[in-house]
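Notes to accompany the following structure.
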Amino acid sequence: MKKRIITLILILAMMFTMAACGKEKEEVNTAYIDRKVGICIYKGTDDFMKLYEAELRKYLISQGFADENIKTVDAKNDQKTQNEQVKKLIEDKVDVLIVNPVNPSNAGTITDMAVDAEIPLIYINREPDKDEQDRWSNNGWKVTYVGCDARQSGKMQGEIVIDLGLDVIDLNKDGKVQYIMVEGDPENIDAQYRTQFSIKAINAQGIFVDCIDDQVGNWETVAAQTIVADDLMAYGDKIEVIFCNNDAMALGAIRAIKAAGRTVGKDVFLVGVDALKEACQAILDGDMTGTVFNDHITQAHSVADCAIKFIEGKRVDNYIACDYVKVTKDNAQEILDLLK
Ligand code: GAL
């Protein structure tokens, strides 16, 4: 009899647990299941934007949006295409528009379309200029920008290099730093600021530099590989530091450095920006000196939080900033763990 009662209690306990589990399953967040979000990406093949979009989608779903109601479009680096895509998303009556502009100087056109249709708009990653941002605040429009200040990333790149000590990086002992710069899209403010502020940070320490070459790699691995390979061939061991405006290009630089038989940390130094997984691993493997974490996780979460505030009719600031983080051998594993 006693045995029977114990068995009965166990069965009841199991049924209770199963019911509780089932209930948990039912409790998937569906708060914004019917709301539509349009995400416009400037170029779908951009390594950093791929990560950003994936995180944004994942986080929106965790906040109660339905995957099928989050529509991402790729402008393939063409502003006209993006304008058409925005128009179409507005016709589809999205509740919020998230735009990574192809050309931030065209933002005015996109803003006007969204404001006319009374759809809140969040710009990401590529910052529209001050005049455009002033329009949003002066008119009380539901438009904002979420992003980092690229000046900070440039400064951090310069600091990573200079923190090694001039005696370490000045390989030819002429008291100056000889470098090459591989730039992203030169129209883009991130590329411009990173190019300027990395060098300013070195000059700020009273150290002079020689720019051996400065070329456009358009944020792309293969383009950067070619530039760095040509420079290593032309200037050989005159190059002490290679600055890349992003990691995708730094990964191309690594290939060129290896092919030229050079060794990072010994006879050349290399820094990037973004903290792609591959770049963090390269730092741990000694193939790269450092990078700067362009925190797409925090940025994506801020974007989704803004979208929710807009949907709920709450006030949203016109500018939402996020900090970059220096990445060297000391914390590359930590950042890599965060990205997994
Ligand atoms: C930068 C990023 C680059 C590239 C670029 C596109 O912030 O570091 O890798 O994605 O944005 O505008």
Side-chain angles (χ1 to χ4, degrees), residues 39-56 72 74-79 81-82 98-107 110 122-129 145-158 160 181-198 216-225 227 242-254 270-280 282 288 290-300 302-303 319-327 335 339:
I39 306 177
C40 304
I41 300 294
Y42 92 96
K43 191 167 81 172
T45 52
D46 181 294
D47 295 280
F48 175 71
M49 290 315 303
K50 274 196 255 179
L51 291 178
Y52 195 135
E53 193 275 337
E55 183 64 34
L56 178 55
T72 302
D74 171 9
K76 299 197 164 72
N77 213 17
D78 183 73
Q79 190 58 64
T81 303
Q82 187 168 65
I98 298 170
V99 179
N100 168 215
V102 173
N103 185 353
S105 60
N106 174 75
I110 292 177
I122 306 170
Y123 284 107
I124 60 169
N125 172 257
R126 300 182 140 197
E127 186 175 345
D129 63 25
Y145 171 72
V146 176
C148 302
D149 180 351
R151 280 171 280 221
Q152 189 189 38
S153 54
K155 183 166 179 271
M156 287 180 171
Q157 283 191 298
I160 289 171
M181 182 70 67
V182 188
E183 293 192 30
D185 172 2
E187 299 273 309
N188 184 245
I189 197 74
D190 288 8
Q192 292 165 14
Y193 279 157
R194 288 174 191 165
T195 299
Q196 293 163 25
F197 283 79
S198 49
V216 173
N218 265 322
W219 306 120
E220 288 166 12
T221 302
V222 175
Q225 182 179 352
I227 293 169
I242 301 172
F243 286 99
C244 293
N245 282 172
N246 76 346
D247 280 349
M249 297 194 293
L251 295 173
I254 293 177
L270 171 67
V271 281
V273 176
D274 281 342
L276 297 182
K277 275 188 205 164
E278 298 83 346
C280 292
M288 215 171 135
T291 185
V292 178
F293 182 29
N294 191 358
D295 186 350
H296 64 279
I297 302 174
T298 304
Q299 290 175 73
S302 295
V303 171
Y319 191 99
I320 290 147
C322 170
D323 273 327
Y324 285 100
V325 180
K326 278 185 209 173
V327 186
I335 302 289
L339 299 173

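Atoms within each ligand, like the ligands themselves, are counted from 1 in listed order. What you see is a predicted model; the values in this text were computed from it and never measured.
At least one heavy atom of Tyr42 sits less than 4.0 Å from an atom of ligand 1. Note on ligand 1: Arg194 sits in its first shell, one or more heavy atoms being nearer than 4.0 Å.
For Gln157 (side chain) and Cys244 (main-chain N/O), a donor-acceptor pair under 3.5 Å exists by modelled atom type. In this structure, the side chain of Asp295 does not engage the main chain of Tyr324 through any donor-acceptor pair within 3.5 Å. Although no hydrogens or angles enter the test, the distance criterion places a donor-acceptor pair under 3.5 Å between the side chain of Asn100 and the main chain of Tyr42.
Ranking the protein heavy atoms by distance from atom 8 (O) of ligand 1 puts Asp274 OD1, 2.6 Å first. Of the protein's non-hydrogen atoms, the one nearest atom 7 (O) of ligand 1 is Asp190 OD2, 2.7 Å. Of the protein's heavy atoms, Arg126 NE, 2.6 Å lies nearest to atom 12 (O) of ligand 1. The nearest heavy-atom contact from the protein to atom 10 (O) of ligand 1 is Asp46 OD1, 2.8 Å. With hydrogens left out, the protein atom closest to atom 5 (C) of ligand 1 is Trp219 CE2, 3.6 Å, a heavy atom. In terms of protein heavy-atom proximity, atom 11 (O) of ligand 1 is nearest to Asn125 ND2, 3.1 Å.
For ligand 1, the atoms sitting less than 4.0 Å from at least one non-hydrogen atom of Asn294 are 2 (C), 7 (O), 8 (O), numbered in the order shown with element in parentheses. Contact atoms of ligand 1 toward Phe48: 2 (C), 9 (O), 10 (O) (distance under 4.0 Å to a heavy atom of the residue).
To the nearest 0.5 Å, the span separating CG on Asp149 from CZ on Phe197 amounts to 8.0 Å. The line from CD1 of Ile320 to OG1 of Thr298 is 13.0 Å long, rounded to the nearest 0.5 Å.
Residues Asn125 and Gln299 bring no donor and acceptor atom of their side chains to less than 3.5 Å of each other. No side-chain N or O of Asn103 forms a donor-acceptor pair with one of Glu187 less than 3.5 Å apart.
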